[in-house]
**Q** 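First the structure, then my questions, so here it is.
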Amino acid sequence: MPKISNKQIVEIFYEISQILEAREVAFKPRAYARAGQAIESLGQEVADIYREGGEAALDAIPGVGKGLIEKLVELISTSKLKYLMDLKKKFPVDIVELTAIEGVGPKMVRDLYKYLKIKNLKDLERAARARKIAGLPGFQEKTEQNILAGIEFLKKGMGRVCLGFYLDLAEHIRDELRKTPGTTRVELAGSIRRGKETIKDFDLVACSSNPRALLEKFYSLPEVARVLERGKNRAFVRLKDKIDADLIVVPEHCFGSAILHFTGSKFHNVRLRKMAQERGWTLNEYGLAKGKKILASKTEREIYKKLGLDWIEPELREDAGEIEAAMARKLPKLMPMGSVRGDLQIQSDWSDGANSIEQMARAAKGMGFKYIAITDHTKTLAMANGLDERRLAKQGKEIDRLNRKIKNFKILKSAEINILKDGKLDIENSALRKLDIVSVAVHSHFNQDEKAMTGRIIKAMRNPYVNILFHPTGRIINRRPEYKVNIDEIIKAAKKYNVALELDCFPDRMDLKDTNVRKAIEAGVKIVIDTDAHQVGHLKYIPLGEATARRGWAQKLDVLNTLPAQKLMAYFSKKKHRRG
DNA sequence: GCCGTTTTCGGCCCGACTGTTTTCAGTCG
């Protein structure tokens, strides 16, 4: 039976939420959105929850009650939902696609359908280009132009972009703003501060004795393409790099409440405001207040404290259990940023990397790392000039030579061994034995079904020499979906066979992703964080992986390459000795 | 449609800006 995934359920709930919003139904839209969000952050498939615990188990999902249990059961058993089909009969519009346009919401979609029978992005673009929108009740020239600009942006940017490709720009803009006279602080907030793998825009929170000068500086930055909003304390611009930036300037005394507000996530904020409300208070960007009296606003810490919570690290703020943990004083002690001591996936010019082993080693050493592992591709990846047993042995000698030459640094012998279609490895065990670390990965036959793919990877993990599974789900953000693999089974096998799972932190991989890191850690599986660097410029991505690991609630002990080189080698060689 | 130290009814997060307005709805973060 085709099983409905959480992702599909969430999409359906969000769609219902928006249709109901368009129909001006009260409160239900939020109920569906809330349940959708809760399901999104579940660590388990809803279909499995139902199979194991029945309706009572569904009831335990926050935001799911009598009515939604019924709908979930229908979705799980038929993969369809009559309620949504009925809604769509009356309102046959691709509302999710249309509301993805900036400035277009459910009400506007409703009116566009009412007047012009616009059902999708294509209809809307055609109508806007034909100038049919201006003149409709409630629509004028400006709205029509904004819709066209929004469509243009959507087509170019297609939503969220990878944090790693934009972080330098965001930090540059922050640093430029900091130079404005009168400015005492400028910080990045939003999903950048939360270390999310993708972002929609830059959120900046600033304090200045001269807000006007700071906003003017913001408008005049050479990176700005056009100004979208000019408020007294707030501005919104579109950058030439096709991403938006939002700046708010607040007085020093409410910097804490402002950065809390603009860091989000939205769902985390909703919970905090609700807690404030239960005490008869309000919480907004200007502070936690009782009537007109401010109770806390200067720092995030005092606001959390007043609400009875420990301060919560930004990476945890997703309403995924962190508030309950903060209430119970049981927040994890997250791995500090900067904990990773060495990069364990690096390609050199022996296969498809751009730089020599020595160049990579010296660059890593210059950045303060203590070791790297050289993980060139192996022979069946011919297009990447993969190494066979003979070249691997030769590379080992070269690494020995460099280790004698480069002081206070260790180059580890490793490889990115290719997992073949049937789960065998493409390098003989006799050669694997000579490596310091054996890492394996899938690079072909991405279209196998779940059973074949999962079985194939587990078979590779069973090889007694294997230490690390690289990029366990194979996804490339905005380009390639995960291959069909049962990650829960992979995690179980990782525990059983003592194989670490990689968090490949190249910006568009981020594989394992945050929620899977959390699952792995909860199962007692070790993680390694590395960049998959193919040139020295890629080594800088380690902090992105550290942030993602923190989003997965990782502590220092969960991440193997926070260990010094000696201890790391000892950890991996223990397995080697057991296998003889 | 959910939820409960306001507990089975009556609430449901908050403020700013834009565009269309002339007092406000829609959208966003």
Side-chain angles (χ1 to χ4, degrees), chain A residues 13 16-18 20-22 24-38 58-72 83 98-112 133-147 149-150 189-194 199-205 215 227-237 244-250 254 257-289 307-308 317 319:
Chain A
F13 278 13
I16 292 173
S17 169
Q18 294 205 311
L20 294 175
E21 185 91 53
E24 302 199 51
V25 177
F27 303 111
K28 285 193 195 185
R30 273 207 6 234
Y32 277 94
R34 214 174 95 71
Q37 202 271 329
L58 295 180
D59 200 21
I61 301 170
V64 173
K66 201 160 158 280
L68 290 186
I69 289 173
E70 211 173 277
K71 295 195 167 60
L72 284 174
Y83 180 56
L98 287 170
T99 52
I101 303 164
E102 188 187 305
V104 176
K107 308 286 165 66
M108 199 183 276
V109 171
R110 174 200 58 199
D111 291 342
L112 290 166
I133 297 196
L136 297 172
F139 292 84
Q140 298 215 7
E141 187 67 18
K142 189 83 194 182
T143 306
E144 186 172 86
Q145 279 172 15
N146 284 345
I147 287 173
S191 33
I192 297 181
R193 182 160 177 244
R194 300 203 314 282
I199 59 170
K200 196 161 72 65
D201 53 23
F202 302 163
D203 293 297
L204 295 139
V205 179
L215 291 173
V227 179
L228 299 173
E229 267 182 39
R230 294 170 190 265
K232 275 204 292 287
N233 303 303
R234 198 169 169 176
F236 198 40
V237 302
D244 294 344
D246 200 356
L247 171 66
I248 176 153
V249 190
V250 298
C254 58
S257 44
I259 194 157
L260 178 66
H261 178 86
F262 288 100
T263 296
S265 70
K266 192 166 80 179
F267 298 105
H268 181 85
N269 286 352
V270 166
R271 288 290 305 276
L272 294 184
R273 287 198 198 111
K274 228 173 155 173
M275 290 181 73
Q277 197 193 34
E278 282 162 10
R279 292 159 170 77
W281 305 336
T282 56
L283 175 63
N284 58 36
E285 54 263 56
Y286 303 111
L288 181 66
L307 291 171
R317 299 181 193 173
D319 188 19

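Side chains are part of it too, since the values below use all heavy atoms of this structure and drop only hydrogens, waters and symmetry mates. Letters A, B, ... mirror the listed sequences (proteins, then strands); counts begin at 1.
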**Q** What is the distance, to the nearest angstrom, from the CZ atom on R234(A) to the C1' atom on dT27(B)?
**A**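 Taking CZ of R234(A) and C1' of dT27(B), I get 12 Å after rounding.
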
**Q** If you check the P106(A) side chain, which of dT20(B), dC14(B), dT27(B) turns out closest?
**A**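 Nearest to the side chain of P106(A) among the choices is dT27(B).
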
**Q** Less than 4.5 Å apart, any side-chain heavy atom of E21(A) and any of R30(A)?
**A**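 No, every pair of side-chain atoms sits at 4.5 Å or beyond.
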
**Q** Taking the side chain of K142(A) as heavy atoms from C-beta outward, which of dG26(B), dC14(B), dT20(B) is closest to it?
**A**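 That would be dT20(B).
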
**Q** The side chain of Q140(A) lies closest to which of these nucleotides: dG15(B), dG29(B), dT20(B)?
**A**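 Closest nucleotide to the Q140(A) side chain: dT20(B).
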
**Q** Could you tell me the separation between the CD atom of E229(A) and the P atom of dT18(B), rounded to a whole number of Å?
**A**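 That distance rounds to 5 Å.
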
**Q** Between F139(A) and W281(A), who's closer to the 5' end of DNA chain B by nearest nucleotide?
**A**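 Whichever sits nearer the 5' end wins; that is W281(A).
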
**Q** Between dG26(B), dC2(B), dC17(B), which one does the side chain of K66(A) approach most closely?
**A**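 Looking only at side-chain atoms, K66(A) lies closest to dC2(B).
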
**Q** Report the distance from atom CG of L288(A) to atom P of dC14(B), rounded to the nearest whole Å.
**A**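 To the nearest whole Å, that distance equals 12 Å.
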
**Q** In whole Å, what separates the P atom of dC28(B) from that of dT20(B)?
**A**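 Per the computed distance, 15 Å lies between those P atoms.
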
**Q** C254(A) versus E285(A): any side-chain heavy-atom pair under 4.5 Å?
**A**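 A side-chain contact under 4.5 Å is absent here.
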
**Q** What are the two closest non-hydrogen atoms of T263(A) and R317(A), and how far apart are they?
**A**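 Reported closest heavy-atom pair: CG2-NH1, 3.8 Å.
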
**Q** Any idea which of dG1(B), dT27(B), dC14(B) is nearest the K107(A) side chain?
**A**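 Closest nucleotide to the K107(A) side chain: dT27(B).
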
**Q** Among dC2(B), dG29(B), dG19(B), which is the nearest nucleotide to the side chain of T143(A)?
**A**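 My answer, after comparing the listed nucleotides, is dG19(B).
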
**Q** Between dC17(B) and dC12(B), how far is it from one C1' atom to the other, in whole Å?
**A**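 Here dC17(B) and dC12(B) have their C1' atoms 25 Å from each other.
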
**Q** So what does R271(A) hit on the nucleic acid, given a heavy-atom distance under 4.0 Å: a base, only sugar-phosphate, or nothing?
**A**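 No contact.
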
**Q** What is the distance, to the nearest angstrom, from the CG atom on D203(A) to the P atom on dC28(B)?
**A**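 It is 15 Å, rounded to the nearest whole Å.
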
**Q** Are any of K274(A)'s side-chain N or O atoms less than 4.0 Å away from OP1 or OP2 of dC14(B)?
**A**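 It does not, given that no N or O in the side chain of K274(A) lies less than 4.0 Å from OP1 or OP2 of dC14(B).
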
**Q** Please work out whether the ring planes of F13(A) and Y32(A) are parallel, tilted or perpendicular, with thresholds of 30° and 60°.
**A**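 Plane angle over 60°, so perpendicular.
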
**Q** Classify I101(A) by what it touches in the nucleic acid, base, sugar-phosphate, or nothing, heavy-atom distance under 4.0 Å.
**A**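 Counting heavy atoms under 4.0 Å across all strands, the contact made by I101(A) is with sugar-phosphate only.
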
**Q** From C-beta outward on E285(A), which listed nucleotide comes closest to its side chain: dC3(B), dT27(B), dA16(B)?
**A**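 So the side chain of E285(A) is nearest to dA16(B).
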
**Q** Of the nucleotides dG29(B), dT18(B), dT27(B), which has the atom closest to the D201(A) side chain?
**A**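 Nearest to the side-chain atoms of D201(A), counting from C-beta on, is dG29(B).
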
**Q** Rounding to an integer number of Å, can you tell me how far E70(A) CD sits from dC2(B) P?
**A**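 These atoms are roughly 10 Å apart.
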
**Q** I'd like to know if the side chain of Q145(A) pairs up with that of E141(A) as donor and acceptor (distance under 3.5 Å, no hydrogens or angles considered).
**A**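 Short answer, yes.
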
**Q** Nearest whole angstrom, please: distance from the C1' of dG10(B) to the CZ of R30(A).
**A**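 Rounded to the whole Å, the gap is 14 Å.
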
**Q** Taking CD from E278(A) and P from dT6(B), how many angstroms apart are they, rounded to a whole number?
**A**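 In whole Å, dT6(B) P and E278(A) CD are 8 Å from each other.
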
**Q** Using heavy atoms to find the nearest nucleotide of DNA chain B for G231(A) and E141(A) separately, return the residue whose nucleotide is more 5′.
**A**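 Closest to the 5' end, via its nearest nucleotide, is G231(A).
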
**Q** Between dC12(B), dC2(B), dC17(B), which nucleotide gets closest to the side-chain atoms of Q277(A)?
**A**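 Selected nucleotide (nearest to the side chain): dC12(B).
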
**Q** Using the C1' atom as the reference point in each nucleotide, state the distance between dT21(B) and dG26(B) in Å, no decimals.
**A**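 My reading of the C1' atoms in dT21(B) and dG26(B) gives 12 Å.
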
**Q** From the list dG26(B), dG29(B), dT20(B), which nucleotide is the closest neighbour of the side chain of R110(A)?
**A**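 Taking heavy atoms from C-beta onward, the closest nucleotide is dG26(B).
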
**Q** Give none if dA25(B) has no partner; otherwise give the nucleotide forming a Watson-Crick or G-U wobble pair with it, both distances under 3.5 Å.
**A**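 Pair assignment: dA25(B) / dT18(B).
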
**Q** Salt bridge or not between K66(A) and D59(A)? Use side-chain N to carboxylate O under 4.0 Å.
**A**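 No, no charged N to carboxylate O under 4.0 Å.
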
**Q** Output yes if the stacking criterion (under 5.5 Å between centres, under 30° between planes) is met for F27(A) over the base of dC12(B), else no.
**A**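 By the stated criterion, F27(A) and dC12(B) stack.
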
**Q** Determine the interatomic distance between P on dG15(B) and the same-named atom on dT22(B); round to the nearest Å.
**A**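 The answer is 26 Å between these two P atoms.
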
**Q** Give me the distance, rounded to whole Å, that separates dT8(B) from dG4(B) when you measure between the C1' atoms they each carry.
**A**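 Roughly 9 Å separates the two C1' atoms.
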
**Q** Taking only side-chain nitrogens and oxygens of N146(A), does any of them come within less than 4.0 Å of OP1 or OP2 of dT18(B)?
**A**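 The answer is no; no side-chain N or O of N146(A) sits under 4.0 Å from OP1 or OP2.
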
**Q** With a 4.0 Å cutoff (strictly under), does any side-chain N or O of Y286(A) reach OP1 or OP2 of dG15(B)?
**A**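 Checking Y286(A) against dG15(B): no side-chain N or O falls below 4.0 Å of OP1 or OP2.
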
**Q** Can you tell me, in whole Å, how much space there is between the P of dC9(B) and that of dA16(B)?
**A**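 Those two atoms are separated by 38 Å.
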
**Q** Yes or no on side chain to side chain contact (heavy atoms under 4.5 Å, CB included) for F236(A) and L247(A), after CA distance, side-chain angles and deciding distance?
**A** CA-CA 6 Å; F236(A) 198 40; L247(A) 171 66; over 6 Å; no

**Q** Report the distance from atom CD of Q37(A) to atom C1' of dC2(B), rounded to the nearest whole Å.
**A**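 It works out to 15 Å between those atoms.
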
